[in-house]
Amino acid sequence: MAEPRSEEDLIRYFCTAGNGMEPFLMEEVKKKLAAEDVCQLPGKVLFSSSAGIDKISDLKAAERLFLLLKQDSPLRISAHTSSAKAASVLQYRLLGDKNQWTGAVMTWSRLQGELAGSRTTARTPSSALGLMIKIEEGRGSRGKEEEEGSCLVESRKSPEEQREEENGNERLKSGEQNGTRTLEKKRKRNHEEEEEEAERKNVEKGKSAERGRRREEEAETGMDVEFNSYHGTDVNQSTTDLENNVESSSRTMDFTERLQNGMNTCGDKDQTPLIVGKSKPELSSSIPVSFRISCKCTGSLSRCFSAQEVSSVMGAGLSRLLGWKVDLKNPQLEINVYLGDDLCLLGIPLTRSPLAKRSYIKTTGLRSTVAWAMTCLAHIQPGSRVIDPMCGAGTILIEAAQEHEAACFLGLDIDDGQLQKASENTAFAELGHRIHLLKASSLALPLTSSSVDAVICDLPFGRKFGTKTDMAANLPLILAEMERSVLLIKIVLCVGGTLVLLLSPQLSFLLKKVLTGPSSHQEAKPPPGTENSPSPSVCATKQQAKASPQLSLLPRLSSLRHEATFRVSLGAIDGLIHKYVKTEC
Amino acid sequence: MKLLTHNMLTSHVKGVSKGYPLLIKATQVKVNEVDFNPKFVSRMIPKLEWGALVQAAEGLGHRQDLPGELVSDYEQNEDFLKKVHRILLEVEVMEGCLQCPESGREFPISKGIPNMLLNEDEV
């Protein structure tokens with residue numbers, strides 16, 4: 001479905017990333033997308049790539065993904081400038097050339113179409129898509145899904161929506177094939193289905209036929225993003241969104257018409273073939289697109305403008321420039337504006353929900369992005385046996401299993417409730433045959449020595465304690481538990497195996513005590529690994545030094561060699577990821 | 001519980017010196033169909049305790065014709081790899097228990113998940 005891309009198809013994107021995740025994201029885009037011109041900024045990574053959008057939207061270390069609209073040097077407006085002058089500078093600098101805007105929207109629209117198309121054929125655990133594959137062609141994959149029981153996942157969409165979605169996506173494909181006959185068949189089927197719908201739904205009897213047609217046409221352009229980027233989201237939400245689209249559909253209709261030459265308006269049942277996609281359609285400058293601007297102003301500029309002001313100034317400017325309409329409730333297009341001391345950045349989000357919100361995880365524990373970063377560090381190879389001795393809901397194991405197909409994973413937990421969640425999560429992600437679960441305590445690991453190649457763990461120590469005094473009082477207990485856990489982990493790890501731990505900065509201090517043993521009063525050496533460890537660690541350890549003394553190791557006492565430490569944001573708090581390798585004693 | 005997991009499990013009951021391998025007493029066994037990944041199987045084989053695997057498979061009545069000793073040059077032998085794949089990943093003990101060979105202590109398996117938690121006096 002995606003045509004092979006040429007050099008010219010290098011598209012520039014940017015992603016937001018949680019604090020501390022930027023280096024991981026940079027590595028990822030270079031490795032997976034052969035990205036060029038990769039730039040790291042606080043909280044963002046910019047890159048260019050000609051990889052398919054399905055691969056790009058599969059990034060694991062990113063929060064959100066945007067198509068870059070404009071990147072520019074920072075705005076310099078003194079606080080004394082009049083608001084009128086400031087507004088005009090803003091518009092001049094940010095709005096610029098209208099072709100740039102229309103071009104970007106074209107690219108965005110094309111990418112939406114590709115995203116939608118790739119999701120129909122991809123085997124995701126979404127029940128709706130599973131059913132679509134079934135309805136469309138009854139391929140072999142369906143048979144397999146059945147055997148594994150994944151189609152038994154409760155369908156959350158009404159049959160009407162499923163079929164319309166299916167129609168919408170089939171249209172995308174048929175358009176590209178340029179087949180009149182296929183089109184006729186589908187028009188006919190739509191008509192039949194519309195009749196069925198009308199019969200079934202009393203309330204929307206009159207509207208449903210019309211609505212069905214409009215939706216198809218919306219779906220074709222790929223503008224109806226909610227339709228095609230479902231991953232088991234709430235049905236009620238989707239229904240409301242679709243209904244909102246009906247209201248604004250007159251605008252959509254016009255846009256569609258302009259975008260695709262020779263398309264008929266709704267109400268016309270003639271079998272004129274649609275001409276979709278291969279040639280870039282001419283774009284009239286007066287296409288009414290509905291949009292909304294989200295703005296973030298930081299640094300010195302926030303003294304001149306509020307985010308609201310920027311949004312309204314830009315909104316007015318864009319409307320005038322391109323004839324677009326502002327729609328704050330349910331726009332077709334969202335435009336993100338970031339104005340900071342380092343640069344101005346304008347982008348269009350490419351996915352409805354953040355990439356960080358995984359389609360294959362039902363209940364998250366740890367942030368998926370951080371869990372993925374930890375699995376990156378664990379050096380997992382084909383045939384690796386990886387365990388998480390306190391797996392909770394299984395987030396880490398699921399991220400690892402998604403990334404590494406030829407390894408096996410074992411999750412341990414003492415709590416039935418957590419194991420239940422982990423079991424549901426692994427079933428939902430269709431990873432039940434590679435992720436196995438065990439009810440056991442990390443203080444008494446029931447595993448043979450040297451039977452594990454990697455241990456990845458988010459240590460929950462201290463989390464159950466509410467206040468600092470609670471923590472202080474229980475410190476000896478926490479320390480003892482940590483000591484025992486680490487000792488047992490050391491035993492089950494093979495020589496050369498890796499240990500990746502996530503700990504709060506405060507408890508990282510305890511870990512140091514555990515690893516240096518009773519002679520902790522001896523001179524502390526700088527950790528041997530830090531100087532030559534992979535790039536992401538450097539600034540992290542410096543930051544960590546502020547919070548707690550640097551981790552040091554006395555080689556002869558411990559067979560766990562510290563290799564790197566990274567500081568990452570976990571939302572309200574920060575965490576430290578530590579990587580160790582087991583060496584010969 | 002799959003036999004891949006069983007191969008790593010041992011009893012750490014206090015005083016026990018040889019808690020491996022655990023005896024499987026299964027009351028419910030399921031056989032699933034799992035995608036065959038030859039790379040995974042061939043890399044996993046050298047890490048397994050082969051004797052324990054065959055013993056466990058036999059105990060479940062699923063040994064079929066798995067050899068008592070590892071064949072050499074198994075990496076290219078797809079037939080062999082498929083047999084190993086089957087016994088490692090497709091056969092699953094849903095209900096039953098695991099028994100420590102030395103102390104006789106039983107660890108229950110419920111809904112495919114073994115409970116290896118020890119009581120305070122056993123640690």
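Labels below follow one simple rule: chain letters A, B, ... track the order of the sequence lines, proteins then strands, and each chain is numbered from 1.
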Largest heavy-atom contact set with chain A, pairs under 4.5 Å, which of Thr5(B), Leu22(B), Leu118(B): Thr5(B)

Proximal to chain A - members of residues 41-57 of chain B, heavy-atom separation under 4.5 Å: Arg43(B), Met44(B), Lys47(B)

Neighbours of chain A found in residues 99-115 of chain B - heavy atoms under 4.5 Å: Ile113(B), Pro114(B), Asn115(B)

So what's closer than 4.5 Å to chain B heavy atoms on [X]: side chain, backbone, both or neither?
X	answer
Val492(A)	neither
Leu410(A)	side chain
Leu412(A)	neither

What are the two closest heavy atoms between [X] and [Y], and how far apart are they?
X	Y	result
Tyr360(A)	Ala429(A)	O-CB, 3.3 Å
Gly432(A)	Lys2(B)	O-NZ, 4.1 Å
Asp58(A)	Glu28(A)	O-OE2, 4.3 Å
Cys494(A)	Asp453(A)	SG-OD1, 3.8 Å
Asp413(A)	Cys391(A)	OD2-N, 3.7 Å
His6(B)	Pro21(B)	CE1-CB, 4.5 Å

Chain B-proximal positions within residues 380-388 of chain A [heavy-atom distance under 4.5 Å]: Pro382(A), Gly383(A), Ser384(A), Arg385(A), Ile387(A)

By side-chain hydrogen bond (donor to acceptor under 3.5 Å, both in side chains) - contacts of His12(B) (at least two apart): none

